[in-house]
Each structure stands twice: as structure tokens, then as C-alpha cells.
Amino acid sequence: MVKKNRIAWGITGSGDLIKETYNTMVDIKSKSDIETMVFLSKEGETVMKWYQMWDSIQKDFPNFKTENGPNSPFIVGPLQVGHYDALVIAPATSNTVAKIVYGIADTLVTNTVAQTAKGQTPIYMLPVDQKRGSLKSYAPGGRELELKMREIDVSNTEKLAQMENIHILKSSEELYDILGVQK
């Protein structure tokens, strides 16, 4: 994989996989000179606060942006013209996945994916609902939860995997290879 120098990382409102993804991105940042512009959906901001990660993101990624509308802050243009080497959406909620699959671009994250897909910048997404059955997740206080995946959400992830210019990640660990960083 070609080493990436500049990426845009979108965070949606998923508590599932947020800590793992965040820790991976912080580690990648510490091991590379990749410039990472972080943007959060409105619910991404809520989840970061709920999981008590709000102070951390401000310290670790001071160049972060929060959603003011579907195209504000303006991220799409730089992604379409190749200013960024990749768009990463991780983790991606079932709501975000469903909207993208059905062409709804009414949030900062969904609009960014829809418009970026029209260009050459690759999109890497980590949907939280990938496998049928149940999985273990964690509440903000660390209590373990068992979550049952809904058929519609897994089906939408499968449809997302078939879309142009979108690559599905099975875990945040795959970002090391994609971004050309040694684990």
C-alpha cells in the first residue's frame, strides 16, 4: 500500500469500537508524520463526551472539526481534489451506513462520503454492524454489553461493501497497513 501523508478521519456516533479505533489512530499518529484532520458528526461529538474522550481528542487531534451542517465545515472540496490521500470513517454507525447505501447525504459524514465517492480519494469505512449474531461491546464506564446485530444493518453493510470507491475495514487494526504505518 502507498504511504499516506494526509488523511481525513470522520467519527460518527458509535460507542462500539470507538475506544479501539481512537487508540489505533493515536498510535498511528505517534508512529508517523501523517497529518490527520478529524471531523465529528453531531452524534460523534456526543459519544466522545459520553465516553469521556472529549478532552483527549482536543489534546491528541487539535485540528478537529465538529458538524454545523451537511457541508459545514467544508471538507468535501479538499477531498474531491486530492488534498487528502484517504477518507476514513471509523467507526460508522448503522444509521450512517444506511444513509450512505440509500443515497441520503444530510449529515456532514454522509455528505462527505457521497461527494468524495465521486472523486479519486479512497474511502475506508469501519461499520460496527458487520456480522450476523451477537458481539461484545463496552458501555462508557467499562461494563461489558452484548449487542445483537439486526439483519437490516448487516445487510446494509454488505451493500456498502459493493459501492464504488468504498473499502470496508473489519477492524481498526487494518488502518496500519492502509496508511503504511508499522504496527
Side-chain angles (χ1 to χ4, degrees), residues 7-28 36 38-54 56-57 64 66-67 70 75 79 86-118 121-179:
I7 64 168
W9 172 30
I11 301 172
T12 70
S14 173
D16 187 30
L17 301 179
I18 188 58
K19 287 193 176 192
E20 298 92 324
T21 302
Y22 190 82
N23 291 338
T24 297
M25 293 302 288
V26 168
D27 190 47
I28 287 171
T36 304
V38 179
F39 63 102
L40 294 88
S41 69
K42 289 178 184 176
E43 297 310 318
E45 181 177 345
T46 299
V47 166
M48 294 301 284
K49 290 175 180 175
W50 198 42
Y51 276 77
Q52 299 177 351
M53 299 169 69
W54 187 244
S56 297
I57 198 166
F64 77 95
T66 56
E67 178 176 355
I75 296 167
L79 278 157
L87 170 60
V88 175
I89 306 296
T93 62
S94 59
N95 186 53
T96 296
V97 169
K99 286 182 174 192
I100 293 166
V101 165
Y102 290 97
I104 300 168
D106 65 347
T107 69
L108 182 59
V109 172
T110 59
N111 186 52
T112 299
V113 171
Q115 299 308 312
T116 301
K118 295 176 180 181
T121 304
I123 302 165
Y124 300 95
M125 293 185 64
L126 176 61
V128 294
D129 299 320
Q130 293 192 31
K131 296 180 184 175
R132 288 165 178 80
S134 298
L135 61 82
K136 298 208 183 303
S137 187
Y138 298 92
R143 182 175 55 90
E144 191 174 280
L145 302 169
E146 184 171 333
L147 302 175
K148 181 178 176 264
M149 298 303 100
R150 300 181 322 156
E151 177 60 31
I152 186 120
D153 298 329
V154 175
S155 177
N156 283 336
T157 295
E158 291 167 347
K159 291 174 185 172
L160 182 71
Q162 301 303 312
M163 294 181 76
E164 296 173 75
N165 201 23
I166 295 179
H167 311 277
I168 302 300
L169 306 175
K170 291 185 180 6
S171 76
S172 62
E173 299 278 313
E174 290 182 50
L175 289 166
Y176 289 100
D177 288 337
I178 288 164
L179 300 176

Test side-chain contact (heavy atoms from CB on, under 4.5 Å) applied to I18 and M53, step by step:
CA-CA 10 Å; I18 188 58; M53 299 169 69; 4.2 Å; yes
Please report the closest heavy-atom contact between I7 and L179, naming both atoms and the distance.
CG2-CD2, 3.7 Å
Would a distance-only check, ignoring hydrogens and angles, find a side-chain to backbone donor-acceptor pair under 3.5 Å from T12 to T93?
yes
Would you give the length of the straight line joining atom CD of Q130 to atom CG of L17, rounded to the nearest 0.5 angstrom?
8.0 Å
Side chains of V26 and I28, heavy atoms from C-beta outward: is any pair under 4.5 Å?
no
Test your reading of the model: is there a side-chain donor-acceptor pair from Y124 to the backbone of E174, 3.5 Å cut-off?
no
Are the side chain of Y102 and the backbone N or O of V97 linked by a donor-acceptor pair below 3.5 Å?
no
Set of residues satisfying ring-ring contact (aromatic ring centres under 6.0 Å, His included) with respect to F64, sequence neighbours excluded:
W54
Contacts of type salt bridge (Lys or Arg N to Asp or Glu O under 4.0 Å), residue K99, not counting sequence neighbours:
D106
With no hydrogens and no angle check, is any side-chain donor or acceptor of T157 less than 3.5 Å from a backbone partner on D129?
yes
Could you grab the distance from atom NE2 of H167 to atom CG of L87, nearest 0.5 Å is fine?
10.5 Å
Is the shortest side-chain heavy-atom distance between L108 and S41 below 4.5 Å?
no
So, using salt bridge (Lys or Arg N to Asp or Glu O under 4.0 Å) as the criterion, who are the partners of D153 when residues are at least two apart?
R150
In short, F39 meets A8 closest at the heavy-atom pair CE2-CB, 4.1 Å
So, for L169 and L175, which heavy atoms are closest and what is the spacing to 0.1 Å?
CD1-CD2, 3.6 Å
Point-to-point distance, once rounded to the nearest 0.5 Å, from CG of L126 to CD1 of I11:
11.5 Å
Measure the spacing between CD1 of I166 and CD1 of I123 and express it to the nearest 0.5 Å.
5.0 Å
Closest non-hydrogen atom pair, P127 against L160
CG-CD2, 4.0 Å
Taking all non-hydrogen atoms of both residues into account, name the closest pair between M125 and A92 and its distance.
CE-CB, 3.9 Å
Can any side-chain N or O of T24 pair as donor or acceptor with the backbone N or O of E20 at less than 3.5 Å?
yes
Mind checking what makes salt bridge (Lys or Arg N to Asp or Glu O under 4.0 Å) contact with K159, not counting sequence neighbours?
none
So with a 6.0 Å cut-off around CD of Q52, is the heavy-atom count from everything else above 12?
no
Tell me, please, which residues at least two apart from V154 pass side chain to side chain contact (heavy atoms under 4.5 Å, CB included).
R132, M149, E158
Using modelled atom types and a 3.5 Å cut-off, is there a donor and acceptor pairing between side-chain atoms of W9 and backbone atoms of A90?
yes
Out of V113, I100, I168, which one pairs with M163 under the side chain to side chain contact (heavy atoms under 4.5 Å, CB included) rule?
I100
Nearest heavy atoms of V47 and G13, plus distance in Å
CG2-O, 3.2 Å
Nearest-0.5 Å distance that lies between atom CD1 in I57 and atom CD in E45:
9.5 Å
Has N165 got a side-chain atom pairing as donor or acceptor with T121's backbone, closer than 3.5 angstrom?
yes
Strictly by modelled atom types, are T110 and T107 linked by a side-chain donor-acceptor pair under 3.5 Å?
yes
Of all residues at least two apart in sequence or in a different chain, which pass the side chain to side chain contact (heavy atoms under 4.5 Å, CB included) check with D27?
S30, K31, Y176
Find out whether E43 and N95 are in side-chain contact, i.e. whether some heavy atom of one side chain is under 4.5 Å from a heavy atom of the other.
no
